[in-house]
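The chains referred to below are lettered A, B, ... by the order of the sequence lines, with proteins before strands, and numbering in each begins at 1.
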Amino acid sequence: MGKIEWAMWANEQALAAGLIYATGGIVGVAGQFRGWQFAAFGIAAGVFVCLLEYPRSKRGKGTSVERTGQYCFTVCVKAFGPLTRNYYVRAFLHAALCVPGGFMLATVLGCVCLGIASLIYLSAAIHGEHWEPILPRTEPTKRVGDSIKEPPQNPPPRPPPELRRKKADKLETAAYDNPMSVTVNE
Amino acid sequence: MSVALKSWRANEGPKHLIVTVWVAVNVCLFWRTFMLYFSGAQYYYLHKMLGLGLCISRASASVLNLNCSLVLLPMCRSLLTFIRGSQRVTGRCVRRLLDKSKTFHVACGVTICIFSVVHVSAHLVNMVSFSVRYSEDFPALNVAQYRGQDPRILIISTVPGVTGVLLVLVLFLMFTASSYCIRVSNYEIFWYTHNLFIVFYIILMVHVAGGALKYQSNVEAHPPGCTHSNLSSWTNHKAAGEKGAEFAGAPQTVCQEEARFQPHFPQTWLWVSAPLCLYCAERLYRFIRSSAAPVTVVSVVSHPCDVVELRMLKSGFKPRPGQYILLNCPSVSSFENHPFTLTTCPTVKNETFGIHLRVLGDWTSSFSQLLLQKPNSSEILPMMQQRRYPTVHVDGPFGSPSEEVFNYEVSLCVAGGIGVTPFACVLQALFDDWRQYKLRRLYFVWVCRDLQSFYWFADLLCGLHERLWRDNRPDYLNVQLYLSNTQRLQSIGEERYRFLSSRLRIGRPKWKLLFQEIGRANQLKRVGVFCCGPKGISKALHTLCNSNPHTGTAFEYNKESFS
């Protein structure tokens, strides 16, 4: 099967579950059903989970694709240090957040989906994964210029001065007399 | 501008037409079902109990029926390959629509998710209504056992409730594993969760057989809103007061008998069974076809830049240039099937077919290690030594947009890196016999990051060029090679590849200039543009195809899509 990054799937699930949780909470509060306080908690928990899960983690191997506009969320989540880096913490946090949703009809689905996401995060944590922020590269890459010709850094090699002196007796060929033999470049 | 319209119509028109028809059918179905439950006589009492939730849940259920049946059809790959291959029956328009089958599958899938959310919300409201408006007059209509029963108990204790929850969970797993990110990084998660679709469909069949919502079966004998001498004041008051306007002239009719209620025949079975059987038959056919004839590995050649060429032999295997196969190697992984475009098709002279695979992920690296175990593997082995190669199963061939290259008079093929493989097969087919095709001119643009990549098909390109020169068609093939990595000065030094080294350019191609050149040289023609490469290139080409404002040339865009 190879090395699967469970955390990526858990991240997608948790984001979707957060949305479902918040939607269920809105429906519960709007209808003023019995137990609407649980629905209000569901909205808050759903929004919190969405904010926490929005920034994607950097992949262990390969290119990471960011979500649009995730940089500010990355900075916020990174500020919590080991709390957000560790996936055990996330697994237990999601498990704890989903429990109150089970007490109200509208948020039941959000509760179950967040529970599944929490289980997958647990699996990711057992496999030793952790959250890495995707930060833009700070140093700019060296631009080679539009022309591919690089100017030479050193002057061409010159023979020692005694060879450079042209022979005076062969004046007509002196101009074309090369001090060093010129060979074709391999 | 009118030319761009012609291109746009050829590129986008049929696609948008199909989408419009599909959306119209969905809206029509939703509306008809909604009105049926809103004002149908046989649902009168049920509607009074449940209200709007009934109409919305049933209407979304009918849209779900349609989409659950349509979502399977684009995935019947062998059937689509057959339709694509029968060129006399189907026109180019239909074949180009088949390129978009995966997009249509995704659209139906997303619609299923959205309408499931609507359906579930409406049914949750129905559960509350069943509990709060428990009807003593028509006990057969009730799902709750007593007034005020907790709706969550209703979900757990009824068949539709439990199966509905399971369906939502399966759909949740399938949906969250299908995002582009996961497909690119961990394809196995996507594949294994998506194969839960069979569980989804089985539970769906049970879900609709629950029979929670009933219709009144004796509407003639008991018109809704009629008065009954033994009936409670509830119905009499309601019928006389509120609904008097609806049943003008009939509120005072006397009921001849008690209202009788019956659950529906599960309509979903009719919608879903045919596509499901078709898809299961297709999978069975593919399995039988791939395991019937054994595949022998003839040779393995290692190329620069982590590419391995594999030549195989299978009896009765007749692919067309441009098609792809699914390779399965049980020694590496029993269930994984990986797609590879064929780079050589079997001909009369040489019956082997070949693929070029680039070693990128874990499956390809284990597979190539198994293949390249021997020290010198670049020769064709005698029969007795072939047992050292791992067994390989080949599923396919499946059609792809690149098959259309031969059906245009002028084609432009743009390849990025290893995306050259479908065009390599095209070039090989032209090398064997270029006269039998409609194609008159081929522009071949290959963009690579590394110079060594061009050596994969250097011999093929030079050979084809020489063949065409000998046959007095020097303008048939126009090759442009681009090296997008500008860090070092590189060139192809070998004497026999002089053809390529003189066509090698450093830097990225300028598409606009290329299109202008092609447009000027091929006026009033229809040029097929084929792209197999990174998203940036294909997007740029797509916009240029739709918006080229010059000469009377129409550019038709065909894109080969990877997962």
For [X], does the [atom1] atom have more than 12 heavy-atom neighbours from other residues, nucleotides or ligands under 6.0 Å away?
X        : atom1 : answer
B:Phe175 : CZ    : no
B:Arg147 : CZ    : yes
A:Tyr71  : OH    : no

inquiry  = Given heavy-atom pairs under 4.5 angstrom as the criterion, report whether the side chain, backbone, both or neither of B:Val120 touches chain A.
reply    = side chain
query = Side chain, backbone, both or neither: which part of A:Leu15 has a heavy atom under 4.5 Å from chain B?
reply = neither
ask   = Given that the side chain runs from C-beta out, which part of A:Val108 has a heavy atom under 4.5 Å from chain B: side chain, backbone, both or neither?
value =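 When you check distances to chain B, only side chain atoms of A:Val108 fall under 4.5 Å.
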Residue selection (most heavy-atom pairs with chain A, distance under 4.5 Å) from B:Leu360, B:Leu124, B:Ile189 =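 Result: the option with the highest number of such pairs is B:Ile189.
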Can you tell if the side chain of [X] reaches within under 4.5 Å of the side chain of [Y], non-hydrogen atoms only?
X        : Y        : result
A:Leu105 : B:Ile155 : yes
A:Leu109 : B:Phe172 : no
A:Trp9   : B:Thr193 : yes

query = How far does SG of B:Cys181 sit from CE of A:Met8, to the nearest 0.5 angstrom?
reply = 4.0 Å
query = Atom CG in B:Leu173, atom CD in A:Gln13: separation rounded to 0.5 Å?
reply = 5.5 Å
query = Which heavy-atom pair separates A:Met104 from B:Arg152 by the least distance, and what is that distance?
reply =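 Closest approach of A:Met104 to B:Arg152: N-NH1, 3.8 Å.
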task = Please determine, among A:Cys113, A:Gly24, A:Ala17, A:Ala106, the option with the most heavy-atom pairs under 4.5 Å with chain B.
result = A:Cys113
